[in-house]
S.K.: 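The structure that follows is given in the form of structure tokens.
Sequence positions, counted from 1, serve as the residue numbers for this chain.
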Amino acid sequence: MPSAFFVVRAAVSDAEKRAAFDRWYETEHLPDAVKAFGVSKASRFWSLDDPSLDQAMYQFDDDAKLMAMLKGDALQELVADFNRDWPEVKRSRETMVLTQEFST
């Protein structure tokens with residue numbers, strides 16, 4: 001089965017809060033999410049085009065594991081933690097399945 005991905009985009013509009021957000025995400029939120037989700041890989045990105053946009057991508061072994069996570073309590077707990085610590089940061093979420101990989 002192909003890998004599946006859970007992608008979260010966050011808009012940190014206050015430039016003065018980005019360093020604190022980055023530290024929190026790196027040291028608390030991402031490690032907690034990796035453990036709670038049981039993912040095989042996780043990555044984070046800051047946009048070069050819009051410095052306020054942060055993206056986290058969690059890689060699951062397959063879409064069944066992703067769907068199980070979406071129905072479980074771990075996601076709701078992490079969302080509650082995020083909302084408590086960063087209530088002003090707007091987020092969007094997407095689920096994706098890998099259809100092709102190419103490398104040279």
Side-chain angles (χ1 to χ4, degrees):
M1 293 198 116
S3 296
F5 297 85
F6 182 57
V7 179
V8 180
R9 289 183 186 88
V12 186
S13 56
D14 186 341
E16 293 181 9
K17 293 185 178 182
R18 287 184 198 142
F21 177 84
D22 202 36
R23 274 190 308 278
W24 173 82
Y25 216 114
E26 179 183 335
T27 62
E28 292 182 43
H29 195 67
L30 190 66
D32 289 348
V34 167
K35 183 177 178 182
F37 296 164
V39 294
S40 56
K41 187 176 182 180
S43 304
R44 280 191 58 228
F45 310 86
W46 280 102
S47 171
L48 294 174
D49 298 319
D50 180 348
S52 71
L53 295 179
D54 177 85
Q55 178 173 295
M57 185 167 48
Y58 304 93
Q59 182 175 346
F60 291 79
D61 293 335
D62 55 48
D63 61 337
K65 290 183 179 177
L66 169 58
M67 292 304 142
M69 180 280 294
L70 293 172
K71 294 176 184 174
D73 294 334
L75 178 60
Q76 297 309 314
E77 291 171 12
L78 287 164
V79 168
D81 290 346
F82 196 114
N83 291 341
R84 178 197 64 228
D85 293 341
W86 298 97
E88 72 281 4
V89 174
K90 303 296 182 213
R91 297 176 313 283
S92 64
R93 298 175 188 90
E94 287 184 71
T95 56
M96 300 180 195
V97 64
L98 182 66
T99 57
Q100 182 178 12
E101 279 188 303
F102 180 82
S103 60
T104 57

S.K.: Not counting sequence neighbours, list each pair that qualifies as a salt bridge (charged side-chain N to carboxylate O under 4.0 Å, His left out) and has a residue in residues 60-70.
M.R.: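 Of all non-adjacent pairs touching residues 60-70, those that pass salt bridge (charged side-chain N to carboxylate O under 4.0 Å, His left out) are Asp61-Lys65.
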S.K.: Quick one: CZ on Phe60 to CZ on Phe5, what's the gap to the nearest 0.5 Å?
M.R.: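 Between atom CZ of Phe60 and atom CZ of Phe5 there are 10.5 Å.
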S.K.: Which distance, rounded to the nearest 0.5 Å, do you find between the CG of Leu78 and the CE of Met69?
M.R.: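 Output value for this atom pair is 9.0 Å.
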S.K.: Less than 4.5 Å apart, any side-chain heavy atom of Thr95 and any of Tyr58?
M.R.: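 They are not in side-chain contact.
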S.K.: For residues 37-46, run the donor-acceptor check on the side chains, cut-off 3.5 Å, and write out each pair with its distance to 0.1 Å, sequence neighbours left out.
M.R.:
from: Ser40; atom 1: OG; to: Gln59; atom 2: O; distance (Å): 3.1
from: Arg44; atom 1: NE; to: Asp54; atom 2: OD1; distance (Å): 3.3
from: Arg44; atom 1: NH1; to: Asp22; atom 2: OD1; distance (Å): 3.0
from: Arg44; atom 1: NH2; to: Asp22; atom 2: OD1; distance (Å): 2.9
from: Arg44; atom 1: NH2; to: Asp54; atom 2: OD1; distance (Å): 2.5
from: Trp46; atom 1: NE1; to: Asp22; atom 2: OD1; distance (Å): 3.0

S.K.: Once rounded to the nearest 0.5 Å, what's the spacing between atom CZ of Phe82 and atom CZ of Arg84?
M.R.: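 Reported value, rounded in 0.5 Å steps: 11.5 Å.
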S.K.: Using 30° and 60° as the class boundaries, would you call the ring planes of Tyr25 and His29 parallel, tilted or perpendicular?
M.R.: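 Rings of Tyr25 and His29: perpendicular, as their planes differ by over 60°.
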S.K.: Going by an N to O cut-off under 4.0 Å, is there a salt bridge joining Asp32 and Lys35?
M.R.: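 Salt bridge absent between Asp32 and Lys35.
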S.K.: Same hydrophobic cluster for Phe6 and Val97, using side-chain heavy-atom links shorter than 4.5 Å among ILVMFWY?
M.R.: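 They do not share one cluster, since no chain of ILVMFWY contacts under 4.5 Å joins Phe6 to Val97.
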S.K.: Table please: side-chain donor-acceptor pairs of residues 70-77 below 3.5 Å, with sequence neighbours left out.
M.R.:
none

S.K.: Quick one: does Arg18's side chain have a donor or acceptor within less than 3.5 Å of a partner on Val12's backbone?
M.R.: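 Answer holds: yes.
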S.K.: Specify the closest pair of heavy atoms between Val89 and Ala11, including all atoms of both residues, with the distance to one decimal.
M.R.: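 Nearest pair, atom of Val89 first, then Ala11: CG1-O, 3.6 Å.
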S.K.: If you apply the rule side chain to side chain contact (heavy atoms under 4.5 Å, CB included), what do you find for Gln55 with Ser47, and how did you get there?
M.R.: CA-CA 8 Å; Gln55 178 173 295; Ser47 171; over 6 Å; no
S.K.: Supply the atom-to-atom distance Asp81 CG to Trp24 CH2, rounded to the nearest 0.5 angstrom.
M.R.: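 Those atoms lie 7.0 Å apart.
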S.K.: Honestly curious: do Leu30 and Val7 fall in one hydrophobic cluster under the side-chain, below-4.5 Å linking rule?
M.R.: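 As far as the 4.5 Å side-chain criterion goes, Val7 and Leu30 are not connected within one cluster.
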S.K.: Are more than 12 heavy atoms from other residues, nucleotides or ligands located less than 6.0 Å from atom CD of Glu16?
M.R.: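 Incorrect, the count does not exceed 12.
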S.K.: For Leu66 and Met96, which heavy atoms make the closest approach, and how far apart are they?
M.R.: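 Answer, listing the atom of Leu66 first, then Met96: CD2-O, 4.4 Å.
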S.K.: Test Arg9 against every option in Lys90, Met57, Glu94 by the side chain to side chain contact (heavy atoms under 4.5 Å, CB included) rule and name the one that passes.
M.R.: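 Between Arg9 and the candidates, side chain to side chain contact (heavy atoms under 4.5 Å, CB included) is satisfied uniquely by Glu94.
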S.K.: Answer yes if Val8 and Leu98 sit in the same cluster of Ile, Leu, Val, Met, Phe, Trp and Tyr residues linked by side chain heavy atoms under 4.5 Å apart, and no otherwise.
M.R.: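 Different hydrophobic clusters.
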